[in-house]
Amino acid sequence: MGRIHVLSEQVANKIAAGEVVERPASVVKELLENSLDAGSTRIKIQIEAGGKKLIQISDDGCGMVRDDALLAFERHATSKIKNAEDLLNIATLGFRGEALPSIASVSRLRLETRAADEDSGTILEIAGGKIFRVEEAGLPTGTSITIRDLFFNTPARKKFLKAESTELSHIASLVTHYALAHPDKHFELHSATNAMLLAPPVAGYSDRVYQVFGKETLDQLISLAAELPLAHVGLPQPPPWRRQQHDEDQQISREPGHLRLHGFVSKPEIQKLNRNSIYTFVNGRLIRDRLIQHALTEAYRNILPPTVFPVVLLFFEMPNAEVDVNVHPSKTEVRFRQQTVMHDFLRDSVRAALMKARPVPQFVTEIRAHPTASPSLTPGARAADAVAPGRVLYGQTVPADFSLQAPAQGVINEPLHFAEAISVEANAAIPVARFPRQTFGGAVPESRHDSCTGHIPEQPESLDEDNVSLSSLKPLGQLRQSFILAVNHDGLWIIDQHVAHERVLFEKILRQRAEQQVESQRLLMPIVIELTPAQQVVFAEISGELEKNGFEAEPFGTRSLAIKLAPAGVEAGDIENMLHELLDQFAREDQALNLEQIRGRIAASIACHAAIKVNMPLEHNKMEWLLAELAKTDCPMSCPHGRPVVLRYSMKDIQRAFKRI
Ligand code: ADP
Ligand code: MG
């Protein structure tokens, strides 16, 4: 009847070795994964003192028969794999058979379990790795594990634990994200004082995001779904040690399967100071991976500034043989069989979703859009709220890191303003209140007269926010000869004339470059510029690409260049500056750039120097032209360096500020 067996030494030796029980959150992670592997649909977790005093997890999964319950605490005892072959095709979250014995050796553990087809269950008690009680008992189907006094017998490790609130927040973040990955299951997380997460099953992923974080958060995210048949990208290569055997047994290669991606990425106005809000799952496993991080940075290139990060919640599904999870003991790192395919598929899918959504930054959003160090996609302090079923309620700020090591940064004690807008009154009404005499000559009565509040007929707000068209904008004039004010039925828009033109030119230059038709100007007199040694190295590397972008330069003496031809639109006096800037920028780069990145940088630099400057008066038809050109771009909302191009002060915000609604 038993399903668990001890792995042979030869198989055990192939498993990435190492300690996984570092802190309460790592215990919760292992136990939660066990419950999910057991096919549970309801998982309830109770935590006291940040998990130092108590961690209890109950599930309604398959449970264990008595012999298995005992065997589960042996090293390398598992029901999930049998031989070394199985390591190449892991379908479960666990497979090492080490979590339970490791946890049991550093705590007081009580196991209650009953397999579905058994009449009675088993109670087992272990302290510091020694079993001291085994008993038969009437129990519900499933498993409940209670861990008390973690690290009671290893004082050195206990000393290194963080504050209880830090540990609790790590646990909360972890459970929240597993709940997001399994919308069809019921999750509960309780601390000694309150219910932190109550998430009954819902129909899908966006319902789960809504349930856990609320509408505002969901509104800040763009959902995406993409699929790539692996048959089109070639058959997965078996690892070298399997090649020969693989030739005889073609089973895996016959069915290459699909690479699927779905989930959410944030609109460009959401900017985070670190990567803590990036959550990626591969076949249901929460992982952290550099390849994925890199692909995401690429996807947001020229949409977000390079120093800030988006909010990401993405799920990959792929054949198990495509991903090696036996890389690190905590199983948060993986190795993809086809790294480039995976990287490019992710980058292109996210990029396409961002382009399609064409999100419009709200005026109020931008005011508070300075990057926040706020922890993650985890709600901030909401302790005052009543506990509503299906909402996450945190008693304190929750830092984001799912990494089971201590975070490098201290805990950030800032509630997350992910979705709450700064009220418009705070921005719009203050100047009026502060300078009533100047503004209204003292004639304005202090109290508001309701009779003054005439009715503004409801304008139909754009049905689909994301498809608001810039093409209907009518320019009114300039603010300080730098920002164009424009209106359409959505409200009042402010456009940064320099970055707007920069975006227009950037896309134009890339287009022209692709068609090998970049416009250039012949200079009356060649411009001679001196290069530092570092700049010379860079120049030698990118001179071919510079030429294709409208430059013609010849060596002039040993350290100088004579520029004869330059991209159109850049003033002669600015060319030297631009080249120095560009070469320095590449020189600072500490990793090799691919051609596409080099082209992007060059185009961004030319666009920046050729664009209309601020403090420049524009005639009405110039403004109209610029807005129309901007509307035609692929990404009109942010400049190539990631700064916002337009701000919108929506009709609703305006009415709200004037207390009309
Ligand atoms: P692994 O998950 O790597 O197999 P563990 O030490 O975490 O190793 O668990 C050992 C075994 O105990 C598992 O293979 C599984 O058969 C059994 N087990 C652990 N937790 C549960 C649970 N919640 N429900 C049913 N079986 C469980
Ligand atoms: Mg396990």
Side-chain angles (χ1 to χ4, degrees), residues 1-8 11-12 14-22 25-46 55-84 86-87 89-107 109-118 121-124 126 129 131 139-147 174-175 178 182 185-188 283-286 320 325-332 404:
M1 279 304 256
R3 303 181 313 143
I4 303 183
H5 41 261
V6 177
L7 294 173
S8 70
V11 179
K14 287 208 160 74
I15 291 175
E19 185 51 71
V20 290
V21 187
E22 287 177 347
S26 41
V27 172
V28 174
K29 177 174 184 285
E30 292 296 333
L31 297 179
L32 190 57
E33 291 190 347
N34 278 347
S35 293
L36 289 167
D37 281 344
S40 314
T41 57
R42 283 182 72 94
I43 299 173
K44 187 175 165 192
I45 300 167
Q46 175 81 41
I55 297 171
Q56 184 171 56
I57 172 162
S58 316
D59 67 46
D60 62 350
C62 65
M64 286 178 265
V65 299
R66 183 190 163 106
D67 286 352
D68 278 354
L70 287 162
L71 208 49
F73 292 91
E74 297 285 326
R75 291 236 170 242
H76 300 303
T78 181
S79 56
K80 301 173 192 175
I81 61 166
K82 287 203 175 74
N83 47 42
D86 295 342
L87 279 174
N89 208 333
I90 292 170
T92 47
L93 296 167
F95 58 88
R96 305 172 70 241
E98 288 197 288
L100 288 185
S102 304
I103 297 166
S105 68
V106 291
S107 65
L109 185 148
R110 179 184 164 95
L111 169 79
E112 296 182 6
T113 187
R114 179 165 75 84
D117 47 6
E118 296 282 303
T122 308
I123 295 177
L124 197 69
I126 307 181
I131 299 180
L139 293 169
T141 317
T143 303
S144 168
I145 296 185
T146 311
I147 316 284
L174 186 88
V175 178
Y178 269 105
H182 297 274
K185 299 187 193 288
H186 177 112
F187 286 84
E188 275 182 41
N283 292 347
R285 184 188 307 279
L286 186 56
N320 291 318
V325 292
N326 184 22
V327 176
H328 190 269
S330 71
K331 300 165 288 174
T332 50
L404 302 175

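Remember, it's 1-based here, ligands and their atoms both numbered in the order they're listed.
Contacts of Ser79 with ligand 1, taken as heavy-atom pairs under 4.0 Å, involve both backbone and side chain. Under 4.0 Å from ligand 1, heavy atoms of Thr78 appear from its side chain as well as its backbone. Contact annotation: for Asp37 versus ligand 1, there are no heavy atoms closer than 4.0 Å. With a 4.0 Å heavy-atom cut-off, ligand 1 is reached by the backbone of Ala77 but not by any atom from C-beta on. Residue Glu33 does not touch ligand 1, judged by heavy-atom distances below 4.0 Å. Residue contacts with ligand 1 for Leu100 involve both N, CA, C or O and side-chain atoms from C-beta outward (heavy atoms, distance under 4.0 Å).
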Let me see the working for Ser35 and Thr143 under side chain to side chain contact (heavy atoms under 4.5 Å, CB included), right down to the final yes or no.
CA-CA 8 Å; Ser35 293; Thr143 303; over 6 Å; no
Output, in order, the C-alpha distance, side-chain angles, deciding distance and verdict of side chain to side chain contact (heavy atoms under 4.5 Å, CB included) for Thr78 and Phe95.
CA-CA 7 Å; Thr78 181; Phe95 58 88; 5.5 Å; no
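Lys80 NZ to Asp86 CG: the interatomic distance, rounded to the nearest 0.5 Å, is 13.5 Å. Rounded to the nearest 0.5 angstrom, Ile123 CD1 and Leu111 CG are separated by 9.0 Å.
Residues Ile90 and Asn320 are not in side-chain contact: their nearest non-hydrogen atoms beyond the backbone lie 4.5 Å or more apart. Counting only heavy atoms from C-beta outward, the side chains of His182 and Leu36 approach each other to under 4.5 Å.
The side chain to side chain contact (heavy atoms under 4.5 Å, CB included) test with Ile103 singles out one residue from Ile55, Ile145, Leu109, and that residue is Leu109. Here the options are Leu286, Val175, Leu93, Thr332, the test is side chain to side chain contact (heavy atoms under 4.5 Å, CB included), and the partner is Lys29; only Thr332 passes.
For atom 23 (N) of ligand 1, the closest non-hydrogen atom of the protein is Asp59 OD2, 2.9 Å. Among all protein heavy atoms, the one lying closest to atom 13 (C) of ligand 1 is Lys80 CE, 3.8 Å. Atom 20 (N) of ligand 1 has Asn34 CB, 3.3 Å as its closest protein atom, hydrogens excluded (heavy atom only). Protein heavy atom in closest approach to atom 11 (C) of ligand 1: Ile4 CD1, 3.7 Å. At the top of the distance list for atom 25 (C) of ligand 1, counting protein heavy atoms only, stands Ala38 CB, 3.6 Å. Of the protein's heavy atoms, Met64 CE, 3.7 Å lies nearest to atom 18 (N) of ligand 1.
For atom 12 (O) of ligand 1, the choice among Ser102, Ala99, Ala72 with the nearest heavy atom turns out to be Ala72.
By the 3.5 Å distance cut-off applied to N or O atoms, Gly94 is not counted among the residues near ligand 1. For the pair Gly97 and ligand 1, the shortest N or O to N or O distance falls below 3.5 Å. Between Thr143 and ligand 1, a contact under 3.5 Å exists for at least one N or O pair.
By the 4.0 Å heavy-atom criterion, Glu30 is excluded from the residues contacting ligand 1. Within the structure, ligand 1 lacks Gly61 among the residues with a heavy atom less than 4.0 angstrom away.
In summary, Arg42 and Asp59 do not engage in a salt bridge, as defined by a charged side-chain N under 4.0 Å from a carboxylate O.
The local environment of CZ in Arg75 is crowded, with over 12 non-hydrogen atoms from other residues, nucleotides or ligands closer than 6.0 Å.
Excluding water, every protein N/O/S atom under 2.8 Å from the Mg ion (ligand 2) is given here by residue and atom: Asn34 OD1.
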